[in-house]
Structures are given as C-alpha cells and as structure tokens.
Amino acid sequence: MPMDAVFLRALTEEIRPRLTGMKIDKIFQPTRDQVIFHFRGNLKLLLCAGANAPRAHFTRLVKENPATPPMFCMLLRKYLLGARIIEISQPPVERLIRMELDCADELGRSSRRSLILEAMGRRSNLILLDESGRIIDCLRRVDSEMSANRQILPGLFYYYPDAGDRLPFIQESEAHFRDRLNENIKNYPEKNPEKFLLENYFGFSPLMAREIIFRTRGETEGRICDFTQSEQERFCQEFLKFQDDVIKNKFTPYCLKRDGVPAEFSCLPVSQYGETWERYPDFSELMDAFYDARDRRERVKIRGAELLRAAKTALERTRRKLILQEKDYQISQNREEYRIKGDLITANLYQIRRGENILICENFYSENNNQIKIALDPALSPQKNAAAYYKRYAKLRNAEKYLDEQIQKARQDIFYLESVLEELERAESEQDFLDIRRELIENGFLRASGDKNNKNNKNKIILKQPVNRENLIFRAVIGC
C-alpha cells in the first residue's frame with residue numbers, strides 16, 4: 001500500500017496522544033531526507049520526506065548521525081529545540097501532517113511555530129512556518145522554475161496543495177454518491193470503476209479503490225456499465241463502509257509477507273491478493289520492520305551490483321590477457337627460425353664483412369637448399385649477430401613453458417569468474433554476497449581498502465590489477 005492520506009491518518013492518530021504536550025529534547029538528521037526528534041522516556045519520532053518512503057512514526061531503530069549536522073538540522077535545532085508540541089493534525093485526507101509547537105524566540109518570549117510534513121512522493125517535503133504562516137525554511141526549496149503553480153521558499157506564505165475539483169471522500173453523502181455513479185454510467189459507460197473513484201474523490205489510493213471494487217464484484221477489472229443493479233448497491237455500501245471506517249479511525253496495522261519478507265502494508269483489511277496478512281502491535285513497529293527490511297534489501301542490491309561489476313571487469317581483463325598470451329605463445333612456436341639463422345650466420349662467418357646489413361646464403365636446413373636472406377645489424381660483428389639470434393631463440397624457448405602455465409591459469413580464472421557470475425545471479429541474502437566477496441579477495445581478484453579509519457571506504461570494493469613483470473619483459477623482447 002502506498003503512503004496515502006488514509007494510512008497517514010492512521011499514523012497521525014497513533015502519534016498524537018503520545019506526543020501532545022511533550023518537549024523536544026534533541027534533534028538529529030541521520031540522512032538527507034530523515035529528521036528524528038528525541039523526547040523524554042527514550043521516545044523517538046521519525047519524520048521522513050524521502051521520495052519513495054515519506055512517513056511519520058515512532059522508531060526504535062538506531063541510526064548513525066553525520067559528524068557535522070546538516071544545515072536544515074541546525075535550523076530545526078535553532079527554532080524547535082525545547083519546543084512543546086501543542087497539536088498534531090491532518091487536514092481532511094491530505095497527504096500531510098501538521099505539528100503545532102510552542103517555542104521561545106530569541107528574546108525568550110513564547111511564539112508559535114508549525115512543522116509540516118508533506119508526504120507526496122517525489123514532492124515530499126518538511127516545511128517550517130512562523131506564527132504568521134510564512135515559510136522560515138524547508139528541506140527542499142521549490143522555485144518558479146520547478147513549479148509554476150506552487151513555490152515553497154523562505155519568506156512566502158504557505159498554502160496547502162490544491163486538490164482540484166475532487167471532493168474528499170469522507171465528505172461524500174450516500175445520495176450524492178449514487179447520483180454521481182448514475183451520471184457516470186449514463187455519460188461514461190466504458191469508464192473503469194477504479195478511474196471513477198480516483199477522478200471524483202480526493203484521498204483515495206489506487207489500492208484501496210481496487211479493494212472496494214473487489215469487495216463489490218470479486219474482481220478489479222471491468223466497466224461501470226457492467227454493474228448490475230445489485231452490484232451498484234453493493235458498490236455504494238462498500239464505499240460507505242470504507243468511508244465510515246476511516247472517519248471512525250478503525251485502523252489495524254497489517255503487513256503482507258512473501259517468503260518471509262515484508263512486501264505490502266495496509267491500515268485496513270485487503271482481500272484482493274488472496275494472501276494472509278500479518279497483524280502488528282502498532283503502526284510504528286510495522287513501519288520500522290517494513291522499511292528496515294527494505295533498506296537491507298537495497299543495501300544487498302547495491303553490494304551485489306558492486307560485486308557483479310567487479311567480477312565482470314575481472315573476467316573481461318582476464319579474457320583480454322588470455323588473447324595476448326595465446327598470441328605470444330604462437331610467436332614462441334616459431335623460435336626455430338632464430339636458431340637456424342644463428343647457425344647459418346655461424347657457418348658463413350668467413351664471407352660476412354663487418355658493416356653488412358644482410359646475408360644471402362644457402363639454407364642447408366631446407367630440402368632444396370634454397371637461398372635465404374638474413375637481416376644483420378651492421379653495428380655488430382658477425383659473431384655477435386649470430387649470438388643475438390641465439391639469444392632470441394633461447395628467450396622464446398624459455399617463454400613457451402611460462403606462457404603455457406599462464407594460459408592454463410587464465411582459462412581456469414575465466415571458468416571460475418563465470419561461475420562467480422552465476423552465483424551472483426542466484427545470491428539473495430547479504431551473507432551470500434559477503435561470502436562471494438571474501439572468496440574473490442582470497443583468490444586475488446578483489447582487495448578491500450586499506451584505510452581502516454575511514455568508515456566510508458572500509459567496505460569499498462577495489463579491483464586488483466597485478467602487474468606481470470615477466471610477461472611485460474617477454475613482450476618487449478619478442479617485439480624487438
């Protein structure tokens with residue numbers, strides 16, 4: 001279930017009675033989007049304005065705070081530290097929570113401040129207002145370039161988001177609902193009943209709209225013109241029951257788990273999935289469990305992505321190295337050519353004059369004693385020219401064994417890294433990735449950062465890039 005106005009109402013009803021009259025003792029901002037207020041009795045309120053997880057609830061989780069508090073945290077400490085909470089409210093089915101606080105100004109006089117959490121997806125925000133309703137500052141400033149209709153900037157008066165022409169569903173009457181439904185059936189018979197609810201009423205989430213339809217017909221698809229007379233009546237009654245449950249705050253924290261992992265949450269019974277929902281003691285515990293599990297999954301995904309990237313890089317590097325080694329191995333197979341040239345120079349020393357750059361002689365190693373041209377270094381004596389060819393032959397002969405070993409090792413490494421990639425595709429838990437990472441380090445493909453004092457780099461994955469000195473020397477020799 002998304003964090004819609006109904007679920008936010010349930011959270012508001014839970015935190016209001018415990019916080020009204022309490023003083024804020026400490027304020028922290030562990031992440032960019034999260035602010036935590038500490039109260040007496042080890043009570044902590046989490047306000048999150050993250051795009052994918054806006055919410056407000058009590059938390060028992062321990063979060064690490066940055067060494068230097070962010071600017072917004074310092075602002076909240078300046079205005080709200082020691083403030084007493086007077087009231088916590090939610091405008092009718094709006095996706096926001098408003099906290100009214102009694103504070104002391106710079107001269108110690110009592111003044112009123114308001115802190116508003118807007119839980120509206122990517123437009124979520126935390127906004128601090130003075131007693132006249134002007135914005136002191138906010139977590140995310142919104143200028144005219146970002147929104148032509150609604151700016152959120154220091155000094156401007158704050159206004160609630162525009163709900164458009166839709167009516168808050170808790171203010172709808174039975175007679176008016178029937179009239180709207182009949183009007184839409186007459187004028188827009190092909191309309192989906194979910195679209196009918198979302199277009200006409202404010203405060204609905206798509207999930208709860210589909211739940212009302214499912215309770216009416218046993219399915220979520222269809223058209224409003226397909227409703228029989230009895231289904232129209234049932235549709236109206238299900239809407240009114242949902243409305244009554246919200247008005248009377250008949251909320252229960254439910255969580256849907258798949259394979260033991262929290263997948264969905266709701267404040268009202270949901271039957272459309274056909275699965276069993278687990279009940280939690282309170283909404284704050286549900287929120288802690290749900291988002292803590294989700295954060296752990298995100299960390300696992302990030303760690304898995306890092307390992308996957310490192311393993312692929314190591315695999316590509318090993319494949320490129322194997323290509324070069326196989327090429328060098330082929331060169332080493334032609335080493336007899338250098339020995340033969342050394343022998344022919346030695347056999348024809350008598351006819352080579354110093355300073356000549358070429359020797360033309362019979363090749364007695366060939367079947368027909370064909371003539372051969374042998375390049376000479378004019379700066380060397382005939383004997384040293386022969387020695388140079390023998391030296392190249394010896395290096396290639398010695399390199400053959402070394403390259404054969406390195407090629408076999410590279411092929412084994414490729415096979416191993418391909419199996420690691422398969423394991424990474426199947427890995428599910430954080431421990432799986434830790435085991436694979438440890439194995440890659442033990443096999444020399446990864447190394448951890450050596451800076452043990454830097455917490456940010458402590459678990460950083462760094463790909464090892466060993467320099468093979470012998471191979472570099474060998475390539476230099478055969479390339480001359």
Check your understanding: What distance separates S89 OG from M99 CE, expressed to the nearest 0.5 Å?
Key -> 10.5 Å
Revision key, fill the gap. In terms of heavy-atom contacts, V6 and V246 come closest through CG1-CG2, 3.9 Å
Review point. Just wondering, do E64 and P30 contact through their side chains at under 4.5 Å, heavy atoms?
Key: no
**Study point:** F58 six-ring centre to R18 NZ/CZ under 6.0 Å and within 45° of normal
**Key:** yes
Review point. How long is the span from the CD atom in Q151 to the CD1 atom in I135, to the nearest 0.5 Å?
Key: 9.5 Å
Point to revise | salt bridge (Lys or Arg N to Asp or Glu O under 4.0 Å) evaluation trace for D33 with R140 | key: CA-CA 9 Å; D33 301 319; R140 293 184 180 87; 2.4 Å; yes
Review point. What residues form a salt bridge (charged side-chain N to carboxylate O under 4.0 Å, His left out) with D244, not counting sequence neighbours?
Key: K248, K250
Review point. How about E219: does its CD atom have over 12 heavy atoms from other parts shown lying under 6.0 Å from it?
Key: yes
Check your understanding: Considering residues at least two apart in sequence or located in another chain, which fulfil the side chain to side chain contact (heavy atoms under 4.5 Å, CB included) criterion with D226?
Key -> R217, R223
Check your understanding: Tell me, do E418 and L315 make a side-chain contact under 4.5 Å, heavy atoms counted?
Key -> yes
Point to revise | With D137 via side chain to side chain contact (heavy atoms under 4.5 Å, CB included) - residues at least two apart | key: L75, R141, P154
Review point. Do N200 and R166 meet the criterion of a side-chain donor-acceptor pair at a distance under 3.5 Å?
Key: no
Check your understanding: Can the ring centres of Y254 and Y280 be said to be less than 6.0 Å apart?
Key -> no
Review point. Distance from D288 atom CG to L46 atom CG, nearest 0.5 Å?
Key: 7.5 Å
Tell me which donor-acceptor pairs under 3.5 Å the side chains of residues 191-198 have, and how far apart each pair is, sequence neighbours excluded?
unit_1: K191; atom_1: NZ; unit_2: N184; atom_2: OD1; d: 2.9
unit_1: K191; atom_1: NZ; unit_2: E199; atom_2: OE1; d: 2.9
unit_1: N192; atom_1: OD1; unit_2: E194; atom_2: N; d: 2.7
unit_1: N192; atom_1: ND2; unit_2: G222; atom_2: O; d: 3.2

Review point. Can any side-chain N or O of D282 pair as donor or acceptor with the backbone N or O of S284 at less than 3.5 Å?
Key: yes
Practice item. Scan residues 290-318 for pairs that pass ring pair (Phe, Tyr, Trp, His ring centres under 6.0 Å), counting only residues two or more places apart or in two chains. Key: F265-F290
Exercise for review: Evaluate the side chain to side chain donor-acceptor pair (under 3.5 Å) criterion for residues R98 and Y160: first the C-alpha distance (whole Å), next the side-chain angles of each, then the deciding distance (0.1 Å), finally the verdict.
Suggested key: CA-CA 11 Å; R98 183 171 187 137; Y160 289 140; 3.2 Å; yes
Check your understanding: How long is the gap from CZ on R320 to CD1 on I323, to the nearest 0.5 Å?
Key -> 9.0 Å
Revision key, fill the gap. Applying side-chain hydrogen bond (donor to acceptor under 3.5 Å, both in side chains) to Q29 and not counting sequence neighbours gives none
**Study point:** side-chain contact (heavy atoms from CB on, under 4.5 Å) assessment of F204 paired with I212
**Key:** CA-CA 11 Å; F204 262 114; I212 292 175; 3.5 Å; yes
Practice item. With sequence neighbours excluded, tell me which residues meet salt bridge (charged side-chain N to carboxylate O under 4.0 Å, His left out) with R32. Key: none
Exercise for review: Evaluate whether atom CZ of F202 has more than 12 neighbouring non-hydrogen atoms of other residues, nucleotides or ligands under 6.0 angstrom away.
Suggested key: yes
Point to revise | P69: partners by side chain to side chain contact (heavy atoms under 4.5 Å, CB included), with sequence neighbours left out | key: C73, M74, R77
Revision key, fill the gap. Of all heavy-atom pairs linking T318 and A410, the shortest is CG2-O, 3.6 Å
**Study point:** Ring centers of H57, F283 separated by less than 6.0 Å
**Key:** no
Exercise for review: Applying salt bridge (charged side-chain N to carboxylate O under 4.0 Å, His left out), name anything that partners E131, two or more places apart in sequence or on another chain.
Suggested key: none
Exercise for review: Report yes if some heavy atom in the side chain of L115 is under 4.5 Å from a heavy atom in the side chain of L129; otherwise report no.
Suggested key: no
Study note, to complete from the structure: Taken in chain and number order and not counting sequence neighbours, the residues that satisfy side chain to side chain contact (heavy atoms under 4.5 Å, CB included) with R411 are L322, E326, I407, Q408
Exercise for review: Might you point out which heavy atoms bring I185 and C225 nearest each other, and give the distance in Å?
Suggested key: CG2-CA, 4.5 Å
Review point. Do L101 and S114 have side-chain heavy atoms sitting under 4.5 Å apart?
Key: no
Could you give the side-chain donor-acceptor pairs of residues 233-242 under 3.5 Å, partners two or more places apart or in another chain?
unit_1: E233; atom_1: OE1; unit_2: R178; atom_2: NH1; d: 2.7
unit_1: E233; atom_1: OE1; unit_2: R178; atom_2: NH2; d: 3.3
unit_1: E233; atom_1: OE2; unit_2: R178; atom_2: NH2; d: 3.2
unit_1: E233; atom_1: OE2; unit_2: Q237; atom_2: NE2; d: 3.0
unit_1: R234; atom_1: NH1; unit_2: T216; atom_2: O; d: 2.6
unit_1: K241; atom_1: NZ; unit_2: D245; atom_2: OD2; d: 3.2

Point to revise | Exercise: identify the closest heavy-atom pair between S111 and A104 | key: OG-C, 4.2 Å
Review point. How about F251 and E14: do any of their side-chain heavy atoms sit closer than 4.5 Å?
Key: no
Point to revise | Salt-bridge present (E183, R180; N to O < 4.0 Å) | key: no
Practice item. Give a yes or no answer on whether the side chain of S419 reaches the backbone of Y416 with a donor-acceptor pair at less than 3.5 Å. Key: yes
Check your understanding: What distance separates E94 CD from E118 CD, expressed to the nearest 0.5 Å?
Key -> 9.0 Å
Point to revise | Close side-chain approach of E211 and S271, heavy atoms under 4.5 Å | key: yes
Check your understanding: Does CD belonging to E221 count more than 12 external heavy atoms closer than 6.0 Å?
Key -> no
Review point. Has R134 got its NZ or CZ under 6.0 Å from the middle of the six-membered ring of F157, at an angle within 45 degrees of the ring axis?
Key: yes
Point to revise | Main-chain N/O of L61 paired with K44 side-chain donor or acceptor, under 3.5 Å | key: yes
**Study point:** Side chain to side chain, K257 and V261, heavy atoms closer than 4.5 Å
**Key:** no
Study note, to complete from the structure: On a heavy-atom basis, the closest approach of R215 and P269 is NH2-O, 2.6 Å
Review point. Checking side-chain contact (heavy atoms from CB on, under 4.5 Å) for the pair I97/L8: CA distance, chi angles, key distance, verdict?
Key: CA-CA 8 Å; I97 295 178; L8 205 62; 3.8 Å; yes
Check your understanding: Is NZ or CZ of R95 both nearer than 6.0 Å to the six-membered ring centre of F7 and within 45° of the ring axis?
Key -> no
Review point. Within a strict 4.5 Å, meaning less than it, do heavy atoms of the C48 and P54 side chains meet?
Key: no
Practice item. Would you please name every residue forming a ring pair (Phe, Tyr, Trp, His ring centres under 6.0 Å) with F72, sequence neighbours left out? Key: none
Review point. To the nearest 0.5 Å, what is the distance between CZ (F433) and CD (E423)?
Key: 11.0 Å
Exercise for review: Kindly indicate, with the supporting measurements, whether the criterion side-chain contact (heavy atoms from CB on, under 4.5 Å) is fulfilled by Q90 and L96.
Suggested key: CA-CA 6 Å; Q90 179 196 27; L96 60 88; 5.7 Å; no
Study note, to complete from the structure: Nearest heavy-atom approach of L308 to L421 is CD1-CD2, 3.6 Å
